[in-house]
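Comments concern the structure below.
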Amino acid sequence: MKAQGRILNLSGGLYTVKTEKESVLCFAKGSFRRSGISPVAGDLVRIDTEEKIGNKELEKGARGVITEILARKNVLIRPPLANLDTLFLVAAVKDPEPVLLSIDKLLAITRHNDIETVLVFTKKELDPNRAEELCTLYRKAGFAAFAVSKLEADETRALLYPCIKGTICALAGASGVGKSTLINTLFPFLATQTGDLSEKTQRGKHTTRQSTLYGISDLLGREDDVYVADTPGFSLLDFDRFFFMEKEDLAFAFPEFEPLLGSCKYTKCSHQTEDGCRILAEVENGNIAKSRHESYLTLLRELNKTKSWELDKKKTHR
């Protein structure tokens, strides 16, 4: 039998693939490894339960073979996850302080890769005024942004459940920002254990790097398939290895820039110091946040250091 399905997880070398009718344990053809592209959770794949299965795989319970990985919308390298639709980017109002450059870099990457990103600022109770400032900053830039408190579980669910678009959602955030607490609030069945924050390193403790998809359609009251990806260790730093973009595309990854692109005095304006730059003018008059433009300049310098062959190599291993 040949069928199409979605990979839910990888365990013991076998993939759980959910088809329209059932879940099937499969192993992947060796040709994937040789091509440098491996199946990951979230992938849409074609499987064949009639192909010959080796004794080792049979002993593990394999019933099918993954024969093809269908076109990906996007793919993360670490943790492995494909076709992400909605990302909740979690940052604390304080303790630890939010790093706006890290937030802005991730927002640029997710926008470039067609991932709907929702900013969630936790620990609102520690500084309500700062929480409102941060939400205003990013709403003005064109993003959905919310401030939440761990004391307001029902309100948090009411705010964030409607933001889940598409099929797969996930949460990302630096250690110590309350991501695990938020996951437990939104998806208590995952029973994610909140790790202790080390005062010295401010890094959480995680051991696994594999992603697993869990169905949440019933929780959201939706009839279509919707999953949350359990991605232990998923932080801002993991995106350093995620495919970035050509420097010419960077301005389009800032939604508040996009309406102004093409209206600067110079056709090839880089929006750094040029005379007649519409974006610089909007920064000057306060319509674009200075911090956002500073992040753009920093990321542009980073991209200018990236050679074309390095980008080609990253693309090859997507």
Verdict with reasoning, T167 to K73, per side chain to side chain contact (heavy atoms under 4.5 Å, CB included): CA-CA 12 Å; T167 301; K73 174 182 177 180; over 6 Å; no

Any chance you could measure [X], atom [atom1], to [Y], atom [atom2], to the nearest 0.5 Å?
X    : Y    : atom1 : atom2 : answer
I47  : M1   : CD1   : CE    : 5.5 Å
L106 : L101 : CG    : CG    : 11.0 Å
F143 : I103 : CZ    : CD1   : 11.0 Å
L134 : F146 : CG    : CZ    : 14.5 Å

Go through the steps for K124 and E155 under the test salt bridge (Lys or Arg N to Asp or Glu O under 4.0 Å), then give the verdict. CA-CA 13 Å; K124 178 180 71 174; E155 292 87 341; over 6 Å; no

Please assess R301 against T298 for the test side chain to side chain donor-acceptor pair (under 3.5 Å), listing each intermediate value before the final yes or no. CA-CA 5 Å; R301 288 192 292 270; T298 300; 3.3 Å; yes

Can you sort out the partners of E125 under side-chain contact (heavy atoms from CB on, under 4.5 Å), two or more places apart, ordered by chain and number? K123, S149, K150

Check whether [X] and [Y] end up in the same hydrophobic cluster, where Ile, Leu, Val, Met, Phe, Trp and Tyr are linked by side-chain heavy atoms less than 4.5 Å apart.
X    : Y    : result
V226 : I183 : yes
L44  : L10  : no
L160 : F189 : yes
L126 : V120 : no
V17  : L70  : no

Quick check on E248: does its CD atom have over 12 non-hydrogen neighbours (other residues, nucleotides or ligands) under 6.0 Å away? yes

Does any part of the side chain of I66, heavy atoms only, come nearer than 4.5 Å to the side chain of F32, both counted from C-beta? yes

Which atoms form the tightest heavy-atom contact between D85 and K165, and what is the distance? CB-O, 3.4 Å

Just do the side chain to side chain contact (heavy atoms under 4.5 Å, CB included) check on V45 and Q4 with the steps written out, would you? CA-CA 6 Å; V45 296; Q4 180 176 316; over 6 Å; no

Between D225 and K18, does any side-chain N to carboxylate O distance fall below 4.0 Å? yes

Distance alone, cut at 3.5 Å: any donor-acceptor contact between the side chains of D230 and T212? no

Distance-only polar pair, side chains of T117 and T110, donor-acceptor under 3.5 Å: yes

Given L87 and L171, is the side chain to side chain contact (heavy atoms under 4.5 Å, CB included) satisfied, shown in steps? CA-CA 6 Å; L87 177 70; L171 290 85; 5.8 Å; no

Would you tabulate the side-chain donor-acceptor contacts of residues 252-263 under 3.5 Å, counting partners in other chains and residues two or more places apart, or write 'none'?
from, atom 1, to, atom 2, distance (Å)
E256, OE1, R292, NH2, 3.0
E256, OE2, R292, NE, 2.7
E256, OE2, R292, NH2, 3.4
E258, OE1, R111, NH2, 2.7
S263, OG, L260, O, 2.5
S263, OG, R278, NH1, 3.3

